[in-house]
Amino acid sequence: DCLLSRGLGDVYKRQVPAPTPLPFTDNLETREVVTLYAQDLWEVNDRLSLSAGLRLDDYSQSIRNNRTGAVGEAADTPFDYRFAARYRLTDNLTAHASYGRSFVLNSGTGRDGAGFAPEKGQGSEIGLAGAWDGLDLAATVFDIEKSNILTTDPVDSNYLAPVGKLTTRGIELDGSLKIDDAWQVVANYSWTDAKADDSRFASDAVLNVPEHSGSLFVIGRFPTAHGTDWSVMAGAAYVGDRAGALTADPVRLPAYWKAKAALDYGLTRQVTARVEVDNLFDERYAASSYSALWIFPGAPRSVRASLRIAL
């Protein structure tokens, strides 16, 4: 036993030089983008307004893998647009609708070392907003379709891969109620149905998109003795459970509430001091995820003080 123990001790005491790790990813990405954008608002009459926006991008993108020397290049000139309309039905009710297309460059490379095609999307919404004495309400129905959105590679979770198509449909409700001259309540709720359409993935779930989310805040505004205002805000935001991986039986990130509070005080008419606390009760929660082995925790309680000067 003594000889065995001595032998094991010698083995554990032996110094072995630590290996030198190689970089997992070492890329140099270069972009050159020129964008032209134009927008116009047309007040047709006292009830109807129309707006349109046009955008032209001319880009070139190159990604060099410094480990292998391989270079991927892409260039294109996409053209996108947006159209919107608002119509005042009555003195209190307004209807609105819009449609548009979008374009966003993706960064990085996949497991094959090649770069990704740009993310493209198109979306429409239609809604109704009402304003009465002390009460504002709004409801919007939206439908968004995107392609080439980066998510966890179904073959190797160490890499990203583009989803063929992602569809998001839902309803958003907003409300604001003024209780009296000082106090106001602001609330928001969203129902979202998001699904991916790509046979390479075992699930049609979409990472980090909750079906239910919302917020509720109370705001109070009061005068000071030297002619300025001070205000206090407190409330919480809710995020429902959502997919944390795209496997056949994906992990679900649990729902959470996160409270927030803030205090603003007007020192003078030009200077305002602010103190805000995020995650007031130091809630532990999962903020987002790439896979079951790559989950980002939410930030702990934080306190921030700032001074705003209006010139």
Side-chain angles (χ1 to χ4, degrees), residues 35-57 77-104 118-149 165-197 206 208-221 231 233 235-240 242:
T35 300
L36 299 177
Y37 184 80
Q39 180 171 298
D40 188 38
L41 173 64
W42 181 26
E43 298 285 354
V44 180
N45 52 45
D46 60 348
R47 290 186 177 273
L48 176 64
S49 64
L50 303 174
S51 63
L54 306 176
R55 172 171 172 162
L56 179 67
D57 291 279
T77 309
F79 174 73
D80 296 300
Y81 50 84
R82 178 182 182 273
F83 301 108
R86 294 177 62 87
Y87 185 78
R88 187 160 57 89
L89 301 171
T90 68
D91 291 341
N92 304 107
L93 290 176
T94 301
H96 63 89
S98 66
Y99 174 82
R101 302 197 318 181
S102 63
F103 155 86
V104 178
E119 174 187 309
K120 295 183 179 181
Q122 60 180 7
S124 60
E125 68 175 40
I126 184 170
L128 192 65
W132 297 269
D133 186 20
L135 176 64
D136 294 326
L137 296 175
T140 302
V141 179
F142 57 88
D143 187 330
I144 302 171
E145 183 179 296
K146 292 186 176 183
S147 59
N148 296 327
I149 294 181
K165 186 176 72 172
L166 185 151
T167 303
T168 305
R169 298 182 175 93
I171 300 173
E172 184 170 343
L173 305 175
D174 297 278
S176 174
L177 174 63
K178 193 170 183 179
I179 300 175
D180 54 29
D181 292 339
W183 292 99
Q184 182 181 14
V185 178
V186 179
N188 167 272
Y189 168 76
S190 293
W191 173 80
T192 305
D193 179 26
K195 292 183 179 180
D197 182 10
V206 177
N208 307 309
V209 178
E211 181 179 3
H212 303 282
S213 61
S215 63
L216 179 65
F217 287 90
V218 178
I219 304 170
R221 297 182 178 88
S231 64
M233 180 273 291
Y238 171 79
V239 177
R242 56 236 182 267

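Keep in mind that this is a model prediction, so the values were computed, not measured.
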Checklist entry - Are the side chain of Thr90 and the backbone of Asn92 linked by a donor-acceptor contact shorter than 3.5 Å? => result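 It does hold such a pair.
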
Rounded to the nearest 0.5 Å, what separation is found between the [atom1] atom of [X] and the [atom2] atom of [Y]?
{"X": "Leu135", "Y": "Ser176", "atom1": "CG", "atom2": "OG", "value": "8.0 Å"}
{"X": "Leu93", "Y": "Asp91", "atom1": "CG", "atom2": "CG", "value": "9.5 Å"}
{"X": "Leu137", "Y": "Trp132", "atom1": "CG", "atom2": "CH2", "value": "5.5 Å"}
{"X": "Ile126", "Y": "Thr140", "atom1": "CD1", "atom2": "OG1", "value": "9.5 Å"}

With sequence neighbours left out, write down each residue that passes salt bridge (charged side-chain N to carboxylate O under 4.0 Å, His left out) with [X], or none if nothing qualifies.
{"X": "Glu172", "value": "none"}
{"X": "Asp143", "value": "Arg169"}
{"X": "Asp133", "value": "none"}
{"X": "Arg86", "value": "none"}

Residues in side-chain contact (heavy atoms from CB on, under 4.5 Å) with [X], at least two apart?
{"X": "Ala182", "value": "Asp180, Phe222"}
{"X": "Lys165", "value": "Glu145, Thr167, Asp197"}
{"X": "Ser102", "value": "none"}
{"X": "Lys178", "value": "none"}

Next on the checklist: Testing the basics here: between Ala194 and Thr168, what is the closest heavy-atom pair and its distance to 0.1 Å?
Outcome noted: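 The answer is CB-OG1, 3.9 Å.
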
Next on the checklist: I need the minimum non-hydrogen distance between Thr192 and Pro210, along with the two atoms involved.
Outcome noted: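 So the minimum-distance heavy-atom pair works out to CB-O, 3.7 Å.
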
Checklist entry - Is the shortest heavy-atom distance from the side chain of Trp191 to the side chain of Glu211 under 4.5 Å? => result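 Yes, close enough: below the 4.5 Å cut-off.
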
Next on the checklist: Going by the rule ring pair (Phe, Tyr, Trp, His ring centres under 6.0 Å), which residues pair with Phe83 if we only count those two or more places apart in sequence or in a different chain?
Outcome noted: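 Phe83 satisfies ring pair (Phe, Tyr, Trp, His ring centres under 6.0 Å) with Tyr81 once adjacent residues are dropped.
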
Item to check | Partners meeting ring pair (Phe, Tyr, Trp, His ring centres under 6.0 Å) with Tyr99 (sequence neighbours left out) | outcome: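 By the ring pair (Phe, Tyr, Trp, His ring centres under 6.0 Å) rule, Tyr99 matches no residue at all.
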
Can I get a per-line list of side-chain donor-acceptor pairs under 3.5 Å for residues 42-56, giving both atom names and the distance, sequence neighbours left out?
{"residue": "Asn45", "atom": "OD1", "partner": "Arg47", "partner atom": "N", "Å": "2.8"}
{"residue": "Asn45", "atom": "OD1", "partner": "Leu48", "partner atom": "N", "Å": "2.7"}
{"residue": "Arg47", "atom": "NH1", "partner": "Arg88", "partner atom": "O", "Å": "2.7"}
{"residue": "Arg47", "atom": "NH1", "partner": "Leu89", "partner atom": "O", "Å": "3.2"}
{"residue": "Arg55", "atom": "NE", "partner": "Asp57", "partner atom": "OD1", "Å": "3.4"}
{"residue": "Arg55", "atom": "NE", "partner": "Asp57", "partner atom": "OD2", "Å": "2.8"}
{"residue": "Arg55", "atom": "NH2", "partner": "Asp57", "partner atom": "OD1", "Å": "3.3"}

Solution key, residues 212-221 side-chain donor-acceptor pairs under 3.5 Å, sequence neighbours excluded:
{"residue": "His212", "atom": "ND1", "partner": "Tyr189", "partner atom": "OH", "Å": "2.7"}
{"residue": "Arg221", "atom": "NH1", "partner": "Gln184", "partner atom": "OE1", "Å": "3.2"}

